[in-house]
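Here the structure comes first, spelled out in structure tokens, and everything after it is commentary.
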Amino acid sequence: MLRRLALTAVVPLAVLATAVPAATASGPASTGPVPAAVPTSGPFAAARPALGPLPMPLPLPGFLDGGEGTGAGEADEARTRLTVSVENTGVPGADGTFELECGPTGGTHPEGQAACDRLAEAGATRAGRQELFRETPEGTMCTMIHGGDATARIVGTWEGRAVDTTASRRDGCEIARWNSLVPVLPDVR
């Protein structure tokens, strides 16, 4: 998305930078005066625009040029390091403290690649970036369904942003929040 936005801004500038000097050139190749949108009467008649070549756009950074460099997703993923502490799940091997690193995938998380893929999927949308680790707002009406005694704490950085959140399965909102974090958190359904 960022690459597309940058390219839509840079490409027209590059076209203008090459088209304007050619259109304003007056020489043997010119077939006559080039019409200009300059007022010939009125208060702005004395003002003359400074015509000249537009500045050339700067080269695209490596993450926008589609080259072999670090892509935007890879740069964000490389800045993901989380410590996930899980207790009372009742699932063998799910409780404990696990390190998760993305870009490249590493750490002690039992489902590291799947967890990194989930984080990348959420990070691809604005809503996902805003909601993934957000705690349930105070006063939210939630169903009174108890999903178990499992609790978790996630601390670290995700896409360069600090994360420090807790999750539980104490009511319907928290169950939905926990499930949205699977496989970063264990699936205890």
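Here the closest heavy-atom approach between residue Ala115 and residue His109 is recorded as CB-CE1, 4.0 Å. Across Glu111 and Pro183, no two heavy atoms sit closer than the pair OE1-CB, 3.5 Å.
Side-chain atoms of Arg177 come within 3.5 Å of backbone atoms of Phe133 as a donor-acceptor pair (strictly under, hydrogens ignored). Listed for the Arg118 side chain is a donor-acceptor partner under 3.5 Å among the backbone atoms of Ser180. With hydrogens and angles ignored, the 3.5 Å screen pairs no side-chain donor or acceptor of Asp164 with any backbone N or O of Val155. In this structure a side-chain-to-backbone donor-acceptor pair under 3.5 Å is missing from Arg153 to Thr83. With hydrogens and angles disregarded, no donor-acceptor distance shorter than 3.5 Å links the side chain of Trp178 to the backbone of Thr151.
Looking at Val91 and Pro186, their side chains never come closer than 4.5 Å, going by heavy atoms from C-beta outward. Between Leu132 and Val184, the closest side-chain pair of non-hydrogen atoms is not below 4.5 Å.
Tracing side-chain contacts under 4.5 Å through hydrophobic residues (I, L, V, M, F, W, Y), one never reaches Phe98 starting from Leu119; they form parts of separate clusters.
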Distance-only criterion, 3.5 Å: show the donor-acceptor pairs between side-chain atoms of residues 135-142 and protein atoms not counting sequence neighbours.
from   : atom 1 : to     : atom 2 : distance (Å)
Glu135 : OE2    : Thr165 : OG1    : 3.4
Thr136 : OG1    : Glu174 : OE2    : 2.7
Thr140 : OG1    : Pro137 : O      : 2.7

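Atom-to-atom distance recorded for Thr125:OG1 and Glu131:CD is 9.5 Å, nearest 0.5 angstrom.
Judged as a side chain to side chain donor-acceptor pair (under 3.5 Å), and not counting sequence neighbours, the contacts of Arg189 are Asp187.
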Could you go step by step and tell me if Ile154 and Leu185 meet the side-chain contact (heavy atoms from CB on, under 4.5 Å) rule?
CA-CA 9 Å; Ile154 303 172; Leu185 297 178; 4.0 Å; yes

